[in-house]
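Read the structure below first, then the notes.
Note that the structure is predicted; figures quoted are calculated from it, not measured. Here is the naming used below: chain letters follow the sequence lines, and residue numbers restart at 1 for every chain.
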Protein chains: 2
Amino acid sequence: MPKQVDHAERRRHLARAVCRIIATRGLDAVSLRDVAAEAGVSMGAVQHYFKTKEDMLVFALEDVNERGAARVGEYLAAIPDAGPRDTLRGVLLQMLPVDEESREAVAVGLAFWAKAATSPRLAEHLREGYGALRDLIALLLGQSKPAPGVDAADEADALFALAEGLSSHILVGHREPATAVRIIDAQLARLLP
Amino acid sequence: MPKQVDHAERRRHLARAVCRIIATRGLDAVSLRDVAAEAGVSMGAVQHYFKTKEDMLVFALEDVNERGAARVGEYLAAIPDAGPRDTLRGVLLQMLPVDEESREAVAVGLAFWAKAATSPRLAEHLREGYGALRDLIALLLGQSKPAPGVDAADEADALFALAEGLSSHILVGHREPATAVRIIDAQLARLLP
DNA sequence: TTTTTTACCATGCGACTGCATTGTAAAACC
DNA sequence: GGTTTTACAATGCAGTCGCATGGTAAAAAA
């Protein structure tokens, strides 16, 4: 065998190149050649690590989801003594594209979301990725002593959809992050008086 | 000149073929040849009516937005004596993909929305298209005697983003329309007691 | 040392792309 | 009735695409 190589790490390296291209030039600008160039390897290397282009895209989606989950995990670990309400607020605000990293994550997510409308396979992968986040929101909401008559599951879906919609608006430049923060705070104030 | 032809009508005919392809196979499956086949014309005809592919896509976006606005207009005309609150609810529910027509509109909108993340020109077109709808929501919300402390502009943005997010979830099969209706009703109940 | 396996790289191929070009039939205009 | 203009149709072209193929260098396994 040739020089020992961390297979998974090389794949993540390529996945990040994919995400960078998606965030800057869009999903349909992703070609095997451009990914290779962006990652600084030859095209043969890309083919070596991914059997097909679709495999590469699916892996990139899983990777960006994992990184997003890791970010949320780090955030939660950094505020161990926060109450569920503040934690919930923090998690929701982390979904917004405010810096380059989160902007990229949201752009990639939106691109795949659109593609999932006509691809059941991608839709299933998205459900896996976003399900955990929605469950976390529902859990935190339930722990936050919501106002009477509040259905935790439905309201978690609502908060999730709201944050996603706001993220899209910010991403294309129609709204400012500050507006989204105000809206989310107003919503939390109504849900958790 | 050859047989007199309604130029605008022919363009709309092609635009609808574009939207059908986007809704069933995705935005990147749109090629001039496929559009021609879907519309039942030759490829030369498509080139005759649109100088470039991008022009065709932009026109298709404007057309689907116009049709959406027309639908809302018809809905409003059909319930002339409804109160602003019921009207608001009706408009929001019209944004959800419940039948084939609305599903197509949402799929096309989502596809362009994702593309707008990396295309300022498309982002501007989207803003024009969605701005009127958001203003309508804000107007209806203001007329509905909202609860004290409610910022009509922010809450219109919130309702808009919420309906959009829910629409995406329904579109990819993650949620049922009934869930979205429940969530929107709960939100309206909180805003307009 | 020989063999095998891994990690690439370079190249080529057929399919497809948007777009330009050219041709043609028909109807409005002079 | 000839001319011009419009509405297509057919074809060609350069470029790009995903993917298959074949080769090479290196290191683990024998």
Side-chain angles (χ1 to χ4, degrees), chain A residues 1-22 24-61 63 111-112 114-115 118-119 121-122 125, chain B residues 1-22 24-61 63 111-112 114-115 118-119 121-122 125:
Chain A
M1 305 171 179
K3 49 192 168 188
Q4 198 107 336
V5 154
D6 184 341
H7 202 79
E9 190 275 332
R10 300 295 281 150
R11 281 165 68 98
R12 282 194 300 269
H13 176 66
L14 292 173
R16 276 187 208 118
V18 170
C19 290
R20 253 173 283 139
I21 294 177
I22 292 178
T24 55
R25 283 178 281 158
L27 183 55
D28 44 335
V30 174
S31 73
L32 299 185
R33 285 160 180 86
D34 286 354
V35 170
E38 175 74 31
V41 301
S42 85
M43 194 181 144
V46 180
Q47 289 187 273
H48 178 67
Y49 286 106
F50 298 105
K51 212 159 77 73
T52 68
K53 181 187 178 182
E54 194 191 356
D55 284 348
M56 181 182 73
L57 291 178
V58 168
F59 181 84
L61 171 61
D63 185 62
F112 278 111
K115 214 173 167 59
T118 52
S119 161
R121 183 182 172 196
L122 269 181
H125 275 274
Chain B
M1 306 166 179
K3 50 191 167 188
Q4 197 108 334
V5 155
D6 184 341
H7 202 78
E9 190 275 334
R10 300 296 281 152
R11 281 165 69 99
R12 283 195 300 267
H13 177 65
L14 292 173
R16 274 185 210 122
V18 170
C19 290
R20 252 174 282 141
I21 294 177
I22 293 178
T24 54
R25 285 178 281 159
L27 183 55
D28 45 336
V30 174
S31 74
L32 298 185
R33 284 161 181 83
D34 287 354
V35 170
E38 175 74 31
V41 300
S42 85
M43 195 181 143
V46 180
Q47 289 187 275
H48 178 67
Y49 286 106
F50 298 105
K51 214 160 75 76
T52 68
K53 181 186 178 183
E54 195 191 356
D55 284 347
M56 181 182 72
L57 292 177
V58 168
F59 181 84
L61 171 61
D63 184 63
F112 278 111
K115 214 172 168 61
T118 54
S119 160
R121 182 182 171 195
L122 269 182
H125 275 274

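- Looking at the side chain of B/V41, the nearest of the listed nucleotides D/dG18, C/dC8, D/dA9 is D/dA9.
- To the nearest angstrom, P of D/dC19 lies 8 Å from NZ of A/K53.
- The heavy-atom pair separating A/A15 from A/A60 by the smallest distance is CB-CA, 3.9 Å.
- For A/I21 and D/dC17, the CD1 to C1' distance is 14 Å, given to the nearest whole Å.
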Please determine whether salt bridge (charged side-chain N to carboxylate O under 4.0 Å, His left out) holds for the pair B/E38 and B/R16, giving the CA-CA distance in whole Å, both sets of side-chain angles, and the decisive distance to 0.1 Å. CA-CA 9 Å; B/E38 175 74 31; B/R16 274 185 210 122; over 6 Å; no
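- A straight line from CZ of B/F50 to P of D/dA7 spans 13 Å, rounded to a whole angstrom.
- Looking at heavy atoms from C-beta onward, A/M56 lies in side-chain contact with A/L32 at the 4.5 angstrom threshold.
- Here the C1' atom of nucleotide D/dG18 and the OH atom of A/Y49 are 20 Å apart, to the nearest Å.
- Looking at B/K53 and B/D34, no side-chain N of the basic residue comes within less than 4.0 Å of a carboxylate O on the acidic one, giving no salt bridge.
- In the set C/dA10, D/dC17, C/dA7, C/dA7 carries the atom at the smallest distance from any side-chain atom of A/V5.
- OP1 or OP2 of C/dT17 has at least one side-chain nitrogen or oxygen of B/S31 nearer than 4.0 Å.
- Among the nucleotides C/dG18, C/dA7, D/dC19, the one closest to the side chain of A/L32 is D/dC19.
- B/D34 places its CG atom 15 Å from the P atom of C/dC19, with the value rounded to the nearest Å.
- For B/H48 and D/dC8, the shortest distance from a side-chain N or O to OP1 or OP2 is not below 4.0 Å.
- Side-chain atoms of A/M43 lie closest to D/dC19 of the nucleotides C/dA7, D/dC19, D/dA7.
- No contact: A/V35 has no heavy atom under 4.0 Å from any strand.
- For B/E54 and A/H7, each mapped to the nucleotide of DNA chain C holding its nearest heavy atom, the one lying further toward the 5' end belongs to A/H7.
- Look at CZ on A/R10: it is 17 Å from P on C/dT6, rounded to the nearest Å.
- A/D6 has its CG atom 16 Å from the P atom of C/dT6, to the nearest Å.
- Contacts of B/V46 with the nucleic acid, taken as non-hydrogen atoms under 4.0 Å apart, are absent.
- Within 4.0 Å (heavy atoms only), B/R33 reaches at least one base atom of the nucleic acid.
- Here B/D63 does not pair with B/R11 in a salt bridge; the nearest charged N to carboxylate O distance is not below 4.0 Å.
- To the nearest angstrom, P of C/dG18 lies 10 Å from CD of B/Q47.
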